[in-house]
Peer 1: 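Here you go, one structure.
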Protein chains: 2
Amino acid sequence: MRVPKKERQQELLQTIEQNPFITDEALATRFRVSIQTIRLDRMELKIPELRERIKHVATERLDDVRTLTENEVIGDMIDLKLDTSAISILEILPEHAFSRNAIARGHILFAQANSLAIALIDDELALTTRANVQFTRSVHVGERVVAKAFVSSHRQDGRSDITVESYVGEECVFIGEFTVYRSSKEESK
Amino acid sequence: MRVPKKERQQELLQTIEQNPFITDEALATRFRVSIQTIRLDRMELKIPELRERIKHVATERLDDVRTLTENEVIGDMIDLKLDTSAISILEILPEHAFSRNAIARGHILFAQANSLAIALIDDELALTTRANVQFTRSVHVGERVVAKAFVSSHRQDGRSDITVESYVGEECVFIGEFTVYRSSKEESK
DNA sequence: ACCACTATTATTACCTGGTACTAATAGTAG
DNA sequence: CTACTATTAGTACCAGGTAATAATAGTGGT
């Protein structure tokens, strides 16, 4: 035997996970076994065939993209009082973090806070013009970040100041002050 | 003729665009023509076959996710002098912007700047601890944002201050001051 | 040495969703 | 009636599989 069965199957799992686009034939040459062996392995491990894997990636990714880009809010908004306060929760996943130490990247926490601040404004258009943020504790993969946003002032000049505080449990991990420009309804008429 | 050719091809384009997972057979019954006609249409319109379309969606989406998550740097880094300065370019795509007005979301520009600032630090670990940013002009879909980062000071306490200025053409669209904590090499030994 | 058993490989028939090519047919305009 | 376009049909072939059956290699126990 080149490599024990169990070992090969473990590697097979990893290999396919990180490159779902690989064919049985390529896997066979890679592990120096026959195609049939690869297929038996896939059956045992319940790994679907190439085309199904690709299809899965295509549909899955469609959801994923929206979590970080197309969605109005990054994270799940669980409470919203327009022009007053809002709360969202974001679970930190491996792709949100540095692979070396599993610490969430700063801009992920910023994105959660910023999108929450924007969603809070009850206007046709809201744009961030300024932000002052502090990352008070590093957040790790698996932790759930609860962001709480509240409007601290509605200025006369069409801007609002919003404070966002993010917590993991009792601990504050992020504080941000955002100034948001709003295309106030009165103005636009 | 059920429906003129041109008309059918227009609908075909739309149909496939909003559901790339449809087979020629399904399209044939849908448009009440033969499979061959659908294939001629696809050839004329240069639409690839089902499997290629799915594959395309799968890899495209993969890239998108990485725009905000897995990549080390958001945007393309085109210049890097460690601990000194760095430049990256990011083209604003529809998914980076509000759909209503095609204006880039604030956290996208922040992410570009933040990741560039982190990449700039020549240390095992770098984490943003504070940021002060201004969005001086709104950026639209299709524009290319050039972010220029430079270290303004290496403090004794293991922190560095980095300034990032982002431009679209000659116009400054974003200014940010980041304070980054570095796990200095000397310290870790 | 022999048997049992597992792992591996080979072979064959069949499937989907196509490509590539050739040929026949229908409809329409000049 | 002819030329031309649009459509349909049919055949051979391909990738990347499923499913099932059988043969072979290697290993452990007694």
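Note that these values count all heavy atoms, side chains included, but never hydrogens, waters or copies made by symmetry. Order of the sequence lines sets the chain letters (A, B, ...), proteins ahead of strands, with each chain counted from 1.
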Peer 1: Give A:Arg42 one of three labels, base, sugar-phosphate or nothing, depending on what nucleic acid heavy atoms sit under 4.0 Å from its own.
Peer 2: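 Sugar-phosphate contact only - A:Arg42 comes under 4.0 Å of backbone atoms but never of a base.
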
Peer 1: Quick one: which of D:dG16, C:dG17, D:dT8 gets closest to the side chain of B:Val33?
Peer 2: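 In terms of side-chain proximity for B:Val33, the closest of D:dG16, C:dG17, D:dT8 is D:dT8.
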
Peer 1: How many whole angstroms separate atom CG of B:Asp41 from atom P of C:dT19?
Peer 2: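 Atom-to-atom, B:Asp41 to C:dT19, this comes out as 13 Å.
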
Peer 1: Quickly work out the B:Asp24 CG to C:dA20 P distance and round it to whole Å.
Peer 2: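 My rounded result for the distance is 13 Å.
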
Peer 1: Please report, rounded to the nearest Å, how far the C1' atom of C:dT12 is from the CD atom of A:Gln36.
Peer 2: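 After rounding, the gap between these two atoms is 11 Å.
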
Peer 1: Is the terminal nitrogen or CZ of A:Lys55 (NZ for Lys, CZ for Arg) located under 6.0 angstrom from the six-membered ring centre of B:Phe21 and within 45° of that ring's axis?
Peer 2: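 Because its charged atom misses either the 6.0 Å distance or the 45° angle limit, A:Lys55 does not stack over B:Phe21.
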
Peer 1: Is there a side-chain contact (heavy atoms from CB on, under 4.5 Å) between A:Val151 and A:Thr84 once you walk through the steps?
Peer 2: CA-CA 5 Å; A:Val151 176; A:Thr84 307; 5.9 Å; no

Peer 1: Is there a donor N/O on one and an acceptor N/O on the other, under 3.5 Å, for the side chain of A:Arg51 and the base of D:dG16?
Peer 2: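 Side chain to base: pair found, below 3.5 Å.
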
Peer 1: Establish, with yes or no, whether the OP1 or OP2 oxygen of C:dG17 is under 4.0 angstrom from a side-chain nitrogen or oxygen of B:Arg39.
Peer 2: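 The answer is no; no side-chain N or O of B:Arg39 sits under 4.0 Å from OP1 or OP2.
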
Peer 1: Take A:Arg182 and A:Ser160 through the test side-chain hydrogen bond (donor to acceptor under 3.5 Å, both in side chains) and record every step on the way to the result.
Peer 2: CA-CA 7 Å; A:Arg182 21 177 244 282; A:Ser160 296; 2.6 Å; yes

Peer 1: Counting just side-chain N and O atoms, does B:Ser34 come under 4.0 Å of either OP1 or OP2 of D:dT8?
Peer 2: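 Indeed, a polar side-chain atom of B:Ser34 lies that close.
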
Peer 1: Check this for me, if you would: do A:Glu165 and A:Lys148 make a salt bridge, where the nitrogen-to-carboxylate-oxygen distance has to be below 4.0 angstrom?
Peer 2: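 No, no charged N to carboxylate O under 4.0 Å.
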
Peer 1: What's the CZ-C1' distance between B:Phe21 and C:dG17, to the nearest Å?
Peer 2: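 Atom-to-atom, B:Phe21 to C:dG17, this comes out as 15 Å.
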
Peer 1: Output the rounded distance in Å from CG (A:Leu40) to C1' (D:dT21).
Peer 2: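 Going from CG in A:Leu40 over to C1' in D:dT21 covers 13 Å.
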
Peer 1: With a 4.0 Å cut-off on heavy atoms, is B:Arg53 in touch with a base, just the backbone sugar-phosphate, or nothing at all?
Peer 2: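 Nothing: the residue B:Arg53, judged by heavy atoms under 4.0 Å, touches no strand.
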
Peer 1: So B:Phe178 and B:Phe110, would you call those rings parallel, tilted or perpendicular, with 30° and 60° as cut-offs?
Peer 2: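 Answer is tilted, since the angle falls between 30° and 60°.
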
Peer 1: Using whole Å, what does the distance between atom P of nucleotide D:dG17 and atom CD1 of A:Ile47 come to?
Peer 2: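 Atom-to-atom, A:Ile47 to D:dG17, this comes out as 12 Å.
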
Peer 1: From CG of A:Leu12 over to C1' of C:dT8, roughly how many Å is that when rounded to an integer?
Peer 2: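 It is 15 Å, rounded to the nearest whole Å.
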
Peer 1: When we call it a touch if two heavy atoms are under 4.0 Å apart, what does B:Ile35 touch: a base, just sugar-phosphate, or nothing?
Peer 2: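 If one applies the 4.0 Å heavy-atom cut-off, B:Ile35 turns out to touch nothing in the nucleic acid.
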
Peer 1: Could you tell me the separation between the NZ atom of B:Lys5 and the C1' atom of C:dG27, rounded to a whole number of Å?
Peer 2: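 Atom-to-atom, B:Lys5 to C:dG27, this comes out as 14 Å.
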
Peer 1: Look at A:Thr37 and C:dT9 and indicate whether a side-chain polar atom (N or O) is within less than 4.0 Å of OP1 or OP2.
Peer 2: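 Yes, within the criterion.
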
